[in-house]
Undergrad: 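Shown below is the structure under consideration.
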Amino acid sequence: TQVFNFSSGPAMLPKAVLEQVQAELLDWQGLGTSVMEISHRSKEFIAVAETAEQDLRDLLAIPAHYKVLFCQGGARAQFAAIPANLLGSAKHADYIDGGYWAHSAINEAQKFCTPNVIDIKTTENGKVALLPMNQWQLNDNAAYVHYCPNETIDGTAIDEEPDFGDRVVVADLSSTILSRPLDINRYGVIYAGAQKNIGPAGLTLVIVREDLLGKTLQQFPSVLDFKTLADNDSMFNTPPTFAWYLSGLVFKWLKAQGGIAAMAKHNQAKADLLYSTIDNSDFYRNTVLERNRSKMNVPFQLTDDKLDKLFLDESVAAGLHALKGHRVVGGMRASIYNAMPLEGVQALTNFMQDFAKRHG
Ligand code: PLP
């Protein structure tokens, strides 16, 4: 059977990209070596690096006054890098608490400042919900406002884009970048670990508005100083070259699919199919208010959780992998990033309906 991998990350990559990697692995560009064995300063690799950046700029329409940084350390390193780079002499930053990852960012920020924590978790009609942006009580003493538009574990999302005037908005887009159009101008900094919607783990993307560079805490590691990275084209230290190369292939693949607008349509169709299957059955449930449902990470529970183990065993046997929910929430979770084809979600919903019929 064909395998569909619903892992939240590291996650499924486009098959066509992996086939290309395989085809050119041992003899890349006729050099007789693989791309991961050549210097990051060689002209061949610099071309890879520059092309990847340009393709990403094209895909997201990143304005010229934003720097694109290819970093390491994952999104969690950015939980520290954001306050260290942006606070300057400020002692406070606004942190929107909407779920597990936003909360983790708050814990890390506490090492650098006193975050103003703004809890937006609520319930509406008995469903899990997040307060809309016009109800966020932002503070004037804040150097920036940080939020997480897609909570990978909670399966919640804020799809509206920020419109907070001069405030510097920082967004953790780890699990939603490249899945739908973004207006980069509304953000001061965007960051994302690569291992969900971009490429292999080990690479972290940072998109930062130029005027925000240059006020990093002096004692902070240079490898996470945005200005140092920008001044050195993300090659201050040796970058994760293989992940950078492979992400570049994913960017090319995205362009060939029709870009971000096409991806957004594709992702909407997958999410609609999966949520409607859940909603139209008494056997499964998702407790998130429709407005705040993530289109990338879909948690769902079986009404009878005694069947969880059987569901997971049978789903793996059917080629549907990694559906076990995160340990802090239990149940199931299907992550359906860009690389998940519609057929994968169709295979999942067919399996779910059949399982419900047999065990309902
Ligand atoms: N933020 C979000 C939204 C995530 O989904 C993750 C996932 O792992 C992280 C942060 C942490 O990322 P990393 O493991 O790259 O540090």
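Since the structure is predicted, the reported quantities are computational estimates derived from the model, not experimental observations. Each ligand, and each atom within it, is numbered from 1 in the order the structure gives. Residue indices begin at 1 and follow the sequence shown.
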Undergrad: Which is it for Ser8 and ligand 1 at heavy atoms under 4.0 Å: side chain, backbone, both or neither?
TA: neither
Undergrad: In ligand 1, which numbered atoms sit nearer than 4.0 Å to a non-hydrogen atom of Cys148?
TA: 3 (C)
Undergrad: Checking a contact table here: which protein heavy atom is nearest atom 16 (O) of ligand 1, and how many Å away?
TA: Arg76 N, 2.8 Å
Undergrad: Verify side-chain contact (heavy atoms from CB on, under 4.5 Å) between Val206 and Gln78, making sure each step is shown before the conclusion.
TA: CA-CA 9 Å; Val206 175; Gln78 293 307 315; 3.6 Å; yes
Undergrad: Could you check whether Asp159 pairs with Lys295 (Lys NZ or Arg NE/NH1/NH2 to Asp/Glu carboxylate O, under 4.0 Å)?
TA: yes
Undergrad: Under 4.0 Å from a heavy atom of Phe79: give me the atoms of ligand 1 that qualify, with their elements.
TA: 10 (C)
Undergrad: Distance to 0.1 Å, residue and atom name: give those for the protein heavy atom nearest to atom 1 (N) of ligand 1.
TA: Asp172 OD2, 2.6 Å
Undergrad: Heavy-atom contacts with Gly74 under 4.0 Å: which atoms of ligand 1 show up? List them by number with element.
TA: 15 (O), 16 (O)
Undergrad: Tell me the nearest of His326, Met296, Gln195, Lys196 to atom 14 (O) of ligand 1, using heavy-atom distances.
TA: Gln195
Undergrad: So for ligand 1, is Ala75 a polar contact partner (N or O within less than 3.5 Å, distance only)?
TA: yes
Undergrad: Does the side chain of Phe236 come within less than 4.5 Å of Leu69's, by heavy atoms?
TA: no
Undergrad: Are His326 and Tyr100 an aromatic pair by the rule of ring centers under 6.0 Å?
TA: yes
Undergrad: Would you confirm whether the ring centroid of Phe220 sits within less than 6.0 angstrom of the ring centroid of Phe226?
TA: no
Undergrad: Indicate yes or no: does an N/O atom of Asn150 lie under 3.5 Å from an N/O atom of ligand 1?
TA: no
Undergrad: Which protein non-hydrogen atom lies closest to atom 5 (O) of ligand 1, naming both residue and atom, and how far is it?
TA: Thr152 OG1, 2.4 Å
Undergrad: Hey, which of Asn267, Asn197, Asn297 is the one that makes side-chain hydrogen bond (donor to acceptor under 3.5 Å, both in side chains) with Tyr337?
TA: Asn297
Undergrad: Any idea how Trp244 and Phe70 line up, ring-wise: parallel (<30°), tilted (30 to 60°), or perpendicular (>60°)?
TA: parallel
Undergrad: Should the ring pair Phe164 and Trp136 be called parallel, tilted or perpendicular, given that the plane angle runs from 0 to 90° and is split at 30 and 60?
TA: tilted
Undergrad: Is there a heavy atom of Gly9 sitting under 4.0 angstrom from any atom of ligand 1?
TA: no
Undergrad: Could you tell me the residue and atom name of the protein heavy atom closest to atom 6 (C) of ligand 1, and the distance to it rounded to 0.1 Å?
TA: Trp101 CE2, 3.4 Å
